[in-house]
Amino acid sequence: MAAGSSNYWEDLRKQARQLENELDLKLVSFSKLCTSYSGARDGRRDRYSSDTTPLLNGSSQDRMFETMAVEIEQLLGKLTGINDKMAEYTNSAGVPSLNAALMHTLQRHRDILQDYTHEFHKTKANFLAIRERENLLGSVRKDIESYKSGSGVNNRRTELFLKEHEHLRNSDRLIEETISIAMATKENMTSQRGMLKSIQSKMNTLANRFPAVNSLIQRINLRKRRDSLILGGVIGVCTILLLLYAFH
């Protein structure tokens with residue numbers, strides 16, 4: 001009976017790892033799609049500004065986005081179901097020590113699922129924001145093109161308006177890039193702070209478990225303080241001697 005339960009648990013873990021690998025690959029492709037969508041739209045705007053190539057639509061990329069989003073949501077749903085089954089198994093297991101190890105493994109899979117879900121929603125939101133902005137800009141460009149066709153391309157006021165609009169668009173893009181860099185920096189600093197807190201907690205745990213290590217750390221700190229005092233004294237004496245020498 002125990003062997004059968006163990007096989008059931010291992011089968012659930014195998015399914016979870018397989019789904020996690022598939023989700024990782026899908027999310028990488030999903031992120032690349034969002035990046036290529038933004039880059040392609042920028043290229044089309046550049047070609048549009050030269051008045052030689054019309055703005056192309058991104059219907060194929062939109063369909064690909066919808067398809068990949070549905071696939072990722074289905075994989076997330078399957079992985080959630082596997083995690084729920086693993087949780088049910090840990091609640092039904094009878095050995096306390098075994099339950100602790102199983103709960104640790106289950107928590108790790110839950111953290112992975114949470115990270116993938118967060119990444120998916122973040123990438124999807126960015127894609128939808130880019131598409132909405134591009135649709136709005138496309139509507140503005142159509143109005144401008146219609147105005148140019150009706151009023152004449154050589155109108156000086158229209159040219160100045162178009163140039164000003166282009167400057168504003170470039171400024172908006174630079175601001176968005178700066179905000180993205182700032183957000184990424186904030187996330188990295190938060191992650192590093194968490195790692196440092198974890199290391200400090202582990203060091204405190206080791207120090208509490210091993211008094212000799214704690215005593216050694218205290219002696220090292222005392223020696224560092226003593227060396228700092230000696231160095232400060234030497235620097236002070238040297239400074240006084242230099243001042244005396246300078247004034248004499």
Side-chain angles (χ1 to χ4, degrees), residues 23-76 111-196:
L23 273 170
D24 186 63
L25 295 175
K26 288 286 186 182
L27 288 172
V28 170
S29 301
F30 195 60
S31 178
K32 289 182 179 179
L33 174 63
C34 182
T35 303
S36 64
Y37 183 88
S38 178
R41 286 301 180 102
D42 289 339
R44 289 165 191 157
R45 290 199 299 269
D46 293 338
R47 292 195 297 270
Y48 173 81
S49 62
S50 64
D51 294 330
T52 58
T53 305
L55 181 66
L56 302 177
N57 60 51
S59 59
S60 60
Q61 287 180 312
D62 292 340
R63 289 194 297 270
M64 187 180 299
F65 165 78
E66 298 295 341
T67 301
M68 293 186 67
V70 171
E71 292 176 354
I72 293 174
E73 288 176 348
Q74 291 176 350
L75 290 174
L76 289 173
D111 292 340
I112 294 174
L113 173 61
Q114 184 178 3
D115 291 341
Y116 284 160
T117 303
H118 175 73
E119 182 179 354
F120 167 66
H121 289 302
K122 180 180 178 182
T123 305
K124 182 178 180 181
N126 290 338
F127 186 96
L128 293 176
I130 292 172
R131 187 171 63 181
E132 181 178 357
R133 186 183 67 223
E134 293 299 333
N135 290 337
L136 178 61
L137 291 176
S139 176
V140 173
R141 292 190 194 96
K142 289 180 180 178
D143 293 340
I144 294 173
E145 182 65 21
S146 176
Y147 178 80
K148 286 172 61 179
S149 300
S151 302
V153 182
N154 296 324
N155 189 293
R156 179 63 179 171
R157 184 174 297 178
T158 302
E159 292 179 358
L160 292 175
F161 173 77
L162 292 175
K163 289 181 179 180
E164 186 65 23
H165 174 74
E166 185 69 17
H167 291 324
L168 291 174
R169 185 180 64 81
N170 292 333
S171 299
D172 180 66
R173 184 169 59 184
L174 289 174
I175 292 173
E176 290 181 353
E177 291 177 355
T178 304
I179 293 174
S180 299
I181 293 173
M183 293 298 294
T185 303
K186 179 183 177 183
E187 292 179 358
N188 291 331
M189 293 182 67
T190 302
S191 176
Q192 291 178 5
R193 182 178 63 183
M195 292 176 62
L196 290 175

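Positions are given from 1 along the sequence.
Rounding to the nearest 0.5 angstrom, the gap separating the OG1 atom in Thr67 from the CD1 atom in Ile72 is 11.0 Å. In this structure, the separation between NZ on Lys124 and CE on Met68 is 13.0 Å, given to the nearest 0.5 Å. Between Leu75 atom CG and Asp24 atom CG the span is 11.5 Å, to the nearest 0.5 Å. Atoms OG1 and NE2, on Thr123 and His118 in that order, are 9.0 Å from each other to the nearest 0.5 Å.
No side-chain heavy atom of Asp115 sits under 4.5 Å from any side-chain heavy atom of Glu119. In this structure, Arg193 and Thr190 have side chains that are in contact, with non-hydrogen atoms separated by less than 4.5 Å. With contacts defined as side-chain heavy-atom distances shorter than 4.5 Å, the pair Asp172/Leu168 does not qualify.
Classified by interplanar angle (parallel below 30°, tilted 30° to 60°, perpendicular above 60°), the ring pair Phe120/Phe30 is tilted.
Tested against Leu23, the residues Ile112, Val28, Leu76 include a single side-chain contact (heavy atoms from CB on, under 4.5 Å) partner, Leu76.
When atom types are taken as modelled, the side chain of Ser191 and the backbone of Glu187 share no donor-acceptor pair closer than 3.5 angstrom. Thr117 contributes a side-chain N or O that, together with a main-chain N or O of Leu113, makes up a donor-acceptor pair within less than 3.5 Å.
For Asn170, the side-chain contact (heavy atoms from CB on, under 4.5 Å) partners two or more places apart in sequence, or in a different chain, are Glu166, Arg173.
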